Number of protein chains: 2
Amino acid sequence: MKKKELQGVKEIARRANVAIATVDRVIHNRGGVSEKTREKILAIIQELDYQPNLLARRLASGKSNRLVALIPSATPELDFWDAPRRGIQRADAEVRAYGLRVDELFFDLNDKQTFVEQTRLILANPPDGVVLAPMFVEEARAFAVACQEAGIPYVFIDSNIPDLPSLSYIGPPLFESGYLAGRLSTYALRGAGRVLVVNLAADLESFTYRRIEEGFRAYLTEHRRACLIDRIDLHETGQTAVSAALSAYLNNHPDLDLIFVTNSRTFLVARFLESSSLPAKPMLIGYDLVQKNSHYLQQGTIDFLICHQPEDQGYRSIMALYQHLVFQTPVEAVHYMPIDIVTRENSLFYEN
Amino acid sequence: MKKKELQGVKEIARRANVAIATVDRVIHNRGGVSEKTREKILAIIQELDYQPNLLARRLASGKSNRLVALIPSATPELDFWDAPRRGIQRADAEVRAYGLRVDELFFDLNDKQTFVEQTRLILANPPDGVVLAPMFVEEARAFAVACQEAGIPYVFIDSNIPDLPSLSYIGPPLFESGYLAGRLSTYALRGAGRVLVVNLAADLESFTYRRIEEGFRAYLTEHRRACLIDRIDLHETGQTAVSAALSAYLNNHPDLDLIFVTNSRTFLVARFLESSSLPAKPMLIGYDLVQKNSHYLQQGTIDFLICHQPEDQGYRSIMALYQHLVFQTPVEAVHYMPIDIVTRENSLFYEN
DNA sequence: CTGAAAGCGCTTACAG
DNA sequence: CTGAAAGCGCTTACAG
């Protein structure tokens, strides 16, 4: 009978003439091993091209990891964050069997304080990794720094704070996304053309909106020098405020060709356009296939929505942490999502 | 000292007053257990909401699975299949640690025989699952039937044979994809408009091209009744043949507004358009961001490319089999990919 | 029909 | 600095 061939640490231990525990020590750099035997073992590992069995490792160690995802809560009005959440849950389901668990925490997009409170809760019971939507820039920055100090890896999702050393940013390339909006807008421009950029958000300091607008303007500057570009910034995101501002603008500029809304609140503008009786409806371009936007896309009030695969963003953010924690695989520092153009015709399959 | 609490099968065995092996038997329906103890054990499993530890299961069983992916080979001229392949390899890397392995086999898109040979090889050494691009419909059908008989699950990727009971189809919704092309084409139509549909493939019997064209025509019929639609079918996919056919057509119809190519060989048409000196270049819409297409998209010769996330298709096809084999999770019979519109402006991030 | 035991490839105290 | 042993939660012969 042929003798059974040993595998893995056992075989290494046999060849090095040491105990398995010693092999384990050098594999994990736990120290307490003489340089001589250390090198002998290392050499054998090389020679055998040893690949640890991760199943066994995890089973034996009994370790499991807890991740926290801190994202805005979806509301009936604005369900954007349902999509990343689905992705997060899909990832959770896939890796649960391997000892990873994801806790979801939510904050209110209109209330900084809810964000701050959640970050406090997280730090009080530190997880092994964090997925974070840094909508409130300063507060997110403070939290990120705290995570760093606690040695907790974090990944940014959907928007970025580029100068922080996150494990990864998973989201759109903002400038280019705006640039594409610029290109799409040219389908509507007659003659010189008049364009309105609309920013609707509680926190307008966000890097996000500025970069998108820069990209948008860049395209038009390059291709439509004569085009006139105005802007409306609104901290209030209620329908009344939005309608009032647009109404006032359109009174002065009935010749408007196009409105570009820099985030998912595009439906607020669409709603206004539907209710007002303009001689010629301007083209409307915005972001994200949320339910209300989908409605106006079907109606034809919204012409294009730009999307960045929000579900996949959620999925990938968890998987990045998973790869990092379980496999110690290097993770790409920036994963730009594709910039998708969604129209009435392809919207059905975009929602999956 | 509090007594250690048992987990899993051990705890079940303790409560049922049987050996662990017996618990294992009922969990896996291996039979050879009296109805009475079987029911007792089942009840306890219910009560405990027992979830097997898949790590332990796989480690103990020592089982591993081999998958085979049979896809067209990428060529320097047409590198489309590089993308699904990358996805397949990414999935392979992710699940390798869990005992799944993927072998890749390739066939020549211009040579049915290479496909048939590969299927023979596969059946001679049956894998645990197959990913299959059924470009050659009849041959793929025969192979699928053979797989069924051998009890091997298979998933179709990129194109479908709907009446076969594949584990899953992962690819575009063809009709809707063509329908979107129809919508995009209307940007080019002046007046009634003249449109040319071009099919370029060795096997034109494919369900794929017909459905795409149906969708395309459906949009135009609904929205542009007066539009004239011609078609060129070409079994030869060399540049000379393509150029000759287009040249002849354009001589008779210099007023052409738009060309729609139903697959990734769009660059053949673009190349012809660049070399010929037409008074007004027709708009060109085609499929897939392959390298040559990307080039002509940058040039502006191609206006739109429709894409279906080919890398993700590869990734998901392996993962579907993985879920099925390892977790016995139900898999969705059809997973339609999004229909993406790629322009010069967003192409960079589409390639990842 | 049922059980006791070895083992999957690791990690983790514990002892020396 | 090093080793022997128990154990992670399962599965797999093997014995009865």
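Quick caveat, the model's predicted, so the values are computed rather than measured.
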Watson-Crick or G-U wobble partner of D/dA4, both distances under 3.5 Å = none
Rounding to a whole Å, what distance do you find between A/Tyr98:OH and D/dC8:C1'?
-> 16 Å
Please list residues of residues 38-61 of chain B whose heavy atoms come under 4.0 Å from any atom in DNA chain D, ordered by number; otherwise none.
-> B/Tyr50, B/Gln51, B/Pro52, B/Asn53, B/Ala56, B/Arg57, B/Ala60, B/Ser61
Say whether, by atom type as modelled, one donor and one acceptor occur between the side chain of A/Ser168 and the main chain of A/Ile170 under 3.5 angstrom.
-> no
First encountered from the 5' end of DNA chain C, between A/Gly62 and A/Lys10 = A/Lys10
Rounded to whole Å, CD1 of A/Ile20 lies from C1' of C/dC8 at a distance of 12 Å
Go through C/dA13, C/dT2, D/dT2 for me and flag the one nearest to the A/Ala21 side chain.
-> C/dA13
B/Arg14 has an atom CZ; how far is it from atom C1' of C/dA4, in whole Å?
-> 19 Å
Taking the side chain from B/Ser61 and the backbone from B/Arg57, do they hold a donor-acceptor pair closer than 3.5 Å?
-> yes
B/Tyr154 versus B/Leu167: any side-chain heavy-atom pair under 4.5 Å?
-> no
Rounded to whole Å, the NZ-C1' distance (A/Lys63 to D/dG9) equals 18 Å
Phosphate contact (C/dG3 OP1 or OP2) by B/Thr22 side-chain N/O below 4.0 Å | yes
Provide the Watson-Crick or G-U wobble partner of D/dA13, both distances under 3.5 Å; none if there is no partner.
-> none
Between D/dC1 and A/Ser34, is there an OP1 or OP2 to side-chain N/O distance shorter than 4.0 Å?
-> no
Here the gap from B/Phe106 atom CZ to B/Arg85 atom CZ, rounded to the nearest 0.5 Å, amounts to 3.5 Å
Separation of D/dC14 P from B/Arg25 CZ (nearest whole Å) = 14 Å
Below 4.0 angstrom, N of the basic side chain to O of the carboxylate: do A/Arg66 and A/Asp103 qualify?
-> yes
So, is A/Arg30 close to the C/dT12 phosphate, meaning a side-chain N or O under 4.0 Å from OP1 or OP2?
-> yes
Between A/Arg141 and A/Asp163, is the closest basic N to carboxylate O distance under 4.0 Å?
-> yes
Hey, is the main chain of A/Val131 close enough, under 3.5 Å, to the side chain of A/Ser317 for a donor-acceptor pair?
-> no
Within the structure, does a side-chain N or O atom of B/Thr37 lie under 4.0 Å from either OP1 or OP2 of C/dT2?
-> yes
